[in-house]
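Contents: one structure, followed by commentary.
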Amino acid sequence: MIKADAKVLLEVRNLSATVAGVEILKGIDLTVRAGEVHAIMGPNGSGKSTLAKALVGHPAYTVSGGEVLFEGKDLFAIAPEERSRAGLFLGFQYPVEIAGVSNSAFLRLIYNTGQGAHGKDELDPLEFDDFVREKMKLLDMDPNFLDRSVNDGFSGGEKKRNEILQMALLEPKLAILDETDSGLDIDALRTVAGSVNRLMTPDNAVVLVTHYQRLLNYIVPDYVHVMEGGKIIKTGGKALAEELETRGYDWVVEEYRKQESRPGSPAYAESHL
Amino acid sequence: MTTVATARHPYIEALLQNYETPHGGVSWLNERRSAALERANSLAVPTTRDEDWRFTDISPLTKLHFQPAAEAPRLSLADLSHYFIGEAAGRLVFVDGLFAPDLSATDDLPAGVQVSNLAECLKNHGALIEPHLARHVPFGDNLFAALNTCYLRDGALVRIAKDLVRAAPVHLLFVSTRPEIATYPRCLVIAENGSECTVIEDYVGLTDGVYVNNSVTEISVAANARVRHVKLQREGGGSFHIANCGVSLAKDSAYASHTVTLGARMSRHDLNVVLQGEGAAARIDGLALISGRQLADTHTLLDHAKPNGKSVQIHKCIVGGAAHAVFNGKVLVREGAQLTDSAQESRNLLLSSRAHVDTKPQLEIFADDVKCSHGATVGQLDAEQVFYLKSRGLSETRARSLLTYAFGAEIIDRIPVPSLVARLERIVLDQTAAQA
């Protein structure tokens, strides 16, 4: 829900980032306020996932320019684990499997680490077990997943549910969900989307990174951004996503190129020097 | 003038200078001791030029001329109670190599389970012991086994009577309390036809001083019997631990070994399992978790002598600091041992750039209808896993220690004694946290 006076959670200013020396993000600007749902769409290779990973501090992604403020503070001044404790969450496109660590122990550990960081009470294994089972019910998740190793041998859909379960435990201020809809069948998509909607409050926000419009039928975005070539080339509302679904991305890219090549635009100036 | 001198190594010279055959021994044992003494006097001290000791330089050990303890300090039950194992039905404790009856507990053993000091059984149970002692770990070409047999004194005898199953574990606890002592622990486990047992062989050091433990363990598993063997090495940081274990498996018997190596400055564990009867099965799990300047060397031999044998081995090393782990795992399939099914895996995790591992899986196959696989990996912690945990708020240290622990958990979780699993999990978590 858009409220002009809502608190700014995330402010991305002219962000560029490289992977293995190649510039992937080429000047991103994005402002996310409390209560908002943003969708970042775009063709494969447009830089959507890079943006998500750069924000949470994945070591393979190097920030090469610009700045990001999270609740007004320099996000890049703090380590990935501190970003998590500050309330930033990434739902991974490809959640990592960790054989040998039981999911229940892992979930309790991250929950208690978060609680401890905020001076709140930690839960012992028995208390946590009750607590997490309630959360799992809402996600329609089989409690057997507690006894298995983290994501180990989970199907794609089960991994995504496990990501949202972690989100439900950590209650982040800003959740970036990277392709959470991939690997989900329609029923699972509905359940997962329902859980995300329930976690939404006027004080937090969600950024959905997605290739398809499908997820946006269930989690309705306030803003839709189209990424291409490491830039956000168009921003609109929910209707833009529907238009992309029927018309594809090419027309947006075309429109952007025309606009950029108009006399007076920076791209025009560059190419006519 | 020529002198014919037997050029004994100064190490052997010093170790055996005061040697006297213990009084009152039984004749067959005295004969074996003399034979062992003869071998100890003539075998060469291994060096890194010997293939079996290529990676392990024992020259620091050969400078130590420690003698066995004549007496042991009196420890109270309270001194050791945190090492005791709740599930165990019987316990033998040895302090600096000497049997400590006051610390041992054998009253709750079910009928058919004999757990006693080997030295006290030689006279009355000679017929039981004689066919096994020094037979499963031959000393003919094994210097340390020969030395152990010369000095054989107190030790553990575990015998499970025919068809007795579901007995609680037996705990054999060897405690070293003082520096500058050599001990020669000895264990003999006899599982009769169709019996089942779990034996926990446990080495604990209460001193960080320099001492030497040279142990020999022999395990005879009769037809259809099943032995689970946990060996826990948590010697003191300055110690040397040399262990030889020999296991003989009769027809359709099964043996599972769980070896966890944590302590000692230098340790060497030789485990030889002979699948002597048809259809025998062995599962060999090993975990070495070392750091600092520790060296842990594990040599195993799975000797498939008869058809239809099955063996599964996983050996893992977690190596931090400037520590050095060695694994040499040989699987031998003899002629005629058809339909052998064997899988061996060596997996190693290096936690620092100075950590070192030498792993050498070996297959020697002389039969033509067998299924054998082996593989070895050496790696570091997975950066994607570390990042995933950090992205959930865990510190770098916590993430690394959790992942290191997870690497070892596969071995620990299979130990068939729950309280030991819990205790080892804690030890491993603490140790990996300290290293991360």
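None of these values were measured; they are calculated from a predicted model. Throughout, protein chains are lettered first and strands after them, A, B, ... in sequence-line order, and every chain is numbered starting at 1.
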**Fill in**
B:F55 meets the ring-ring contact (aromatic ring centres under 6.0 Å, His included) criterion, sequence neighbours left out, with none

**Prompt:** Does the ring of B:F327 carry B:K360 above it, NZ/CZ under 6.0 angstrom from centre and within 45° of its axis?
**Reply:** no

**Message:** Less than 4.5 Å to any heavy atom of chain A: does that hold for the side chain of B:A406, its backbone, both, or neither?
**Reply:** both

**Message:** Taking the basic N atoms (NZ, or NE/NH1/NH2) and the acidic carboxylate oxygens, is any pair closer than 4.0 Å for B:E196 and B:R228?
**Reply:** yes

**Request:** Enumerate the residue pairs fulfilling side-chain hydrogen bond (donor to acceptor under 3.5 Å, both in side chains) with a member in residues 127-141 of chain A, sequence neighbours excluded, ordered by first and then second residue.
**Result:** A:D129-A:R133, A:E134-A:K137

**Message:** At a 4.5 Å cut-off on heavy atoms, which part of B:E410 comes close to chain A: side chain, backbone, both, or neither?
**Reply:** neither

Could you list the donor-acceptor pairs under 3.5 angstrom formed by side chains in residues 167-179 of chain A, with sequence neighbours left out?
from: A:K173; atom 1: NZ; to: A:E71; atom 2: OE1; distance (Å): 2.8
from: A:D178; atom 1: OD1; to: A:S49; atom 2: OG; distance (Å): 3.1
from: A:D178; atom 1: OD2; to: A:S49; atom 2: OG; distance (Å): 2.9

**Message:** Give the interface residues of residues 92-117 of chain A toward chain B, defined by a heavy-atom separation under 4.5 Å.
**Reply:** A:F92, A:P95, A:V96, A:E97, A:I98, A:A99, A:G100, A:V101, A:F106, A:L109, A:I110, A:T113

**Request:** Salt-bridge test for A:E67 and A:R13: reply yes if a basic N is under 4.0 Å from a carboxylate O, no otherwise.
**Result:** yes

**Asked** Of all of B:S391, B:A409, B:A399, which one pairs up most often with chain A through heavy atoms under 4.5 Å apart?
**Response** B:S391

**Request:** Specify the closest pair of heavy atoms between A:I24 and A:G47, including all atoms of both residues, with the distance to one decimal.
**Result:** CG2-CA, 4.0 Å

